[in-house]
Amino acid sequence: MAFTIRQIQYFLAVADQGTVSGAAQNLSISQSSVTEAIRELERDLGVALFDRHPRGLTITHKGQQFLRHATKILADVSDARRAFSEERSAATGSLQLGVTSLVAGYVLSDLLARYRRAYPAIDVSAIEDNGEYLEHLLIGGELDVAVMVISNLRDRMALQAEILEVSPYRLWLPLGHHLASADIIGVNDIAAEPLIMLTVDEIEENTGKLLSALGAKPHVAFRTRSVEAVRSLVATGAGVALLPDLVYRPWSLEGDRIESRDVSGSLPVVQVGVVWRRGSHLADSARDFIGIAQTQRVVRHR
């Protein structure tokens, strides 16, 4: 029996929530319906999508591979509905798009692919730079829209933003780390650990907030602008990392496992959003891009 769209929706909900109960609550259905759907999906695919443990479910390597396919399937279904509900697929014009580096690697690719499929005749020109410069270009009218971290948006009077994703900070650990089995991990537990710090522009300000939340001066073992370097360093036991969940992947490039755990306490969150100049007359191409982004937000959190 082939798997269904409903099973994919349930799978994405469990992957997002990490528990069957959380997924069921988010979907407003019974836990047994979610459990049975995941079991049928695993039987159909012939692989285990989740590892079961007392705290919930952890997505497996095979599950992580299927996650990308599942997200694309739902996005394609949404695009198909859009194609029949709108007559703008033949629209022409241009879109000047800005993006920050962290967002470019983890949010933009799927969003831009969906936009190009829906509006293939639109000429898209994209620029990657830091948030402050992108704000300058938006205010000056040189960009139509930007997809960026908006937690630290500077000129909120001149710019309008819509949140696409809110990503909490979580603790990254190497396989077998003593904190991985703790029921509750507090900021005090992390303070004594060597930290691998990511210092890309979008979360540079949050780094200071993280250090303040840890209280005592932490031991920063390594600073890097590369997310892949953080993954490799954590996976090989060089330290732990506190990073937004949106950039988490359970494997380093070398194939080593990385664990991710919630941390109790007051930690900052990262908000990713689409931004445009307040009060400006948006071209149809920009409005359509914002509409695609809004649909993507629904798909990612369904």
Side-chain angles (χ1 to χ4, degrees), residues 15-18 51 53 55-61 63-64 67 100-108 130-131 148-152 165-272:
D16 182 54
Q17 297 293 320
D51 288 327
H53 52 79
R55 293 187 301 274
L57 294 91
T58 302
I59 194 165
T60 63
H61 186 39
Q64 192 73 35
L67 179 64
T100 45
S101 58
L102 193 70
V103 172
Y106 295 93
V107 177
L108 183 67
N130 63 65
M148 55 194 290
V149 171
I150 63 173
S151 317
N152 306 321
E165 183 164 345
V166 177
S167 184
Y169 275 75
R170 301 189 82 206
L171 181 65
W172 293 14
L173 303 160
L175 190 65
H177 193 280
H178 68 94
L179 288 178
S181 59
D183 292 330
I184 300 176
I185 301 174
V187 291
N188 292 334
D189 299 317
I190 304 169
E193 299 290 331
L195 283 176
I196 312 298
M197 301 295 296
L198 181 67
T199 58
V200 293
D201 295 327
E202 301 99 304
I203 61 172
E204 188 75 42
E205 292 183 24
N206 279 353
T207 299
K209 297 176 184 177
L210 280 171
L211 298 181
S212 298
L214 293 177
K217 186 177 180 180
H219 168 43
V220 179
F222 200 88
R223 296 178 186 270
T224 176
R225 296 179 59 83
S226 167
V227 179
E228 294 303 336
V230 175
R231 268 195 266 273
S232 294
L233 288 164
V234 170
T236 54
V240 301
L242 280 166
L243 283 176
D245 197 42
L246 102 98
V247 300
Y248 172 72
R249 301 292 183 271
W251 309 95
S252 70
L253 286 176
E254 297 79 13
D256 297 315
R257 177 81 187 189
I258 302 166
E259 302 286 344
S260 176
R261 296 288 183 270
D262 290 325
V263 177
S264 64
S266 180
L267 294 181
V269 297
V270 165
Q271 296 175 333
V272 175

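To the nearest 0.5 Å, atom CZ of residue Arg231 and atom OG1 of residue Thr224 are 11.5 Å apart. Distance check: His53 NE2 to Thr58 OG1 gives 2.5 Å after rounding to the nearest 0.5 Å. A distance of 9.5 Å separates CG of Asp189 from CD1 of Ile184, quoted to the nearest 0.5 Å.
Asp256 places none of its side-chain heavy atoms less than 4.5 Å from the side chain of Leu175. Phe222 places none of its side-chain heavy atoms less than 4.5 Å from the side chain of Met197. Tyr106 has its side chain within reach of Val227: a pair of non-hydrogen atoms, C-beta onward, lies under 4.5 Å apart.
For the side-chain contact (heavy atoms from CB on, under 4.5 Å) with Val107, the lone residue among Thr100, Leu246, Leu102 that qualifies is Leu246.
Considering all non-hydrogen atoms of both residues, Ala221 and Ile196 come closest at CB-CD1, 4.3 Å. Minimum heavy-atom separation, Tyr248 to Trp172: CA-CZ2, 3.3 Å. Between Ser167 and Asp245, the closest heavy-atom pair is OG-N, 2.9 Å. Taking all atoms of both residues into account, the shortest heavy-atom contact from Arg225 to Val200 is O-CG1, 3.3 Å.
A side-chain donor from one of Arg170 and Ser260 sits under 3.5 Å from a side-chain acceptor of the other.
Take Arg261 and apply the side-chain contact (heavy atoms from CB on, under 4.5 Å) test, not counting sequence neighbours, and it matches Arg55, Leu173, Ala180, Ile185, Glu259.
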Tell me which donor-acceptor pairs under 3.5 Å the side chains of residues 232-242 have, and how far apart each pair is, sequence neighbours excluded?
{"from": "Ser232", "atom 1": "OG", "to": "Glu228", "atom 2": "O", "distance (Å)": "3.3"}
{"from": "Ser232", "atom 1": "OG", "to": "Glu254", "atom 2": "OE1", "distance (Å)": "2.9"}
{"from": "Ser232", "atom 1": "OG", "to": "Glu254", "atom 2": "OE2", "distance (Å)": "3.2"}
{"from": "Thr236", "atom 1": "OG1", "to": "Ser232", "atom 2": "O", "distance (Å)": "2.8"}
{"from": "Thr236", "atom 1": "OG1", "to": "Leu233", "atom 2": "O", "distance (Å)": "3.3"}

